[in-house]
Every structure is written in structure tokens, then in C-alpha cells.
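Okay, so here's the structure we're looking at.
All values below were derived from every heavy atom in this structure, side-chain atoms included, with hydrogens, water molecules and symmetry-related copies excluded.
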Amino acid sequence: MNDRVRVATESLYQELIDAEAAAFIGAAPFERTPDRVAQRNGTRLRTLATTAGELALRIPKQFSLTIARWLTTFST
């Protein structure tokens, strides 16, 4: 029973993390939009200790597109 609670909690946290990343970036994974302000660059594993047990979460890495857009203004 405890393992089911841990797995459900881990899934819920991961969905929330992914939704927050999509909202911050301005696009879902592999989605192309002009509103995108950053780009995903893989994930890093982090462990979160809870009363349900230790959760293995994938935290998305991203980088800002501000510099990339600035650099493209110089290309001819």
C-alpha cells in the first residue's frame, strides 16, 4: 500500500513540475511557438524526501533564448 502512495505522489509531483516548466518556457515539449522564452536542455535527477517515501523527480533544465536571439541579429 505504501509503495502505491509513493508512486502516485511521485507521478503527481512530476506532472506539476512538467506543467510549471511548460508555463515558464511558453511551450510544451517539441512545440514551436513565437512566445517561447527558453528552451529545454535535458533533465537532472533529484530526490525529494516525503512522508510517502523518497521521490525520484526529473527536474527540467532550460536556457534562455535571449542571447540566442541577440546573436541572430548579427548573422547576415
Do [X] and [Y] come within less than 4.5 Å of each other through their side chains, counting heavy atoms only?
X     : Y     : result
Ile17 : Leu57 : yes
Arg58 : Arg44 : no
Ile25 : Gln39 : no

Nearest atoms (heavy-atom pairs only) where Ala27 meets Thr33: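 That closest heavy-atom pairing would be CB-OG1, 3.7 Å.
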Nearest atoms (heavy-atom pairs only) where Ala28 meets Ala22: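 Scanning both residues completely, I find the closest heavy atoms to be CA-CB, 4.4 Å.
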Drop me the distance from [X]'s [atom1] to [Y]'s [atom2], to the nearest 0.5 angstrom.
X     : Y     : atom1 : atom2 : result
Phe30 : Arg40 : CZ    : CZ    : 8.5 Å
Glu54 : Glu10 : CD    : CD    : 10.5 Å
Ile59 : Thr43 : CD1   : OG1   : 8.5 Å

May I ask you to check whether over 12 heavy atoms, not counting those of Glu31, lie within 6.0 Å of atom CD?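 Yes, CD of Glu31 has more than 12 neighbouring heavy atoms, counting only those of other groups under 6.0 Å.
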Among Leu48, Thr51, Leu55, side-chain contact (heavy atoms from CB on, under 4.5 Å) partner for Thr9: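 The residue from Leu48, Thr51, Leu55 that satisfies side-chain contact (heavy atoms from CB on, under 4.5 Å) with Thr9 turns out to be Leu55.
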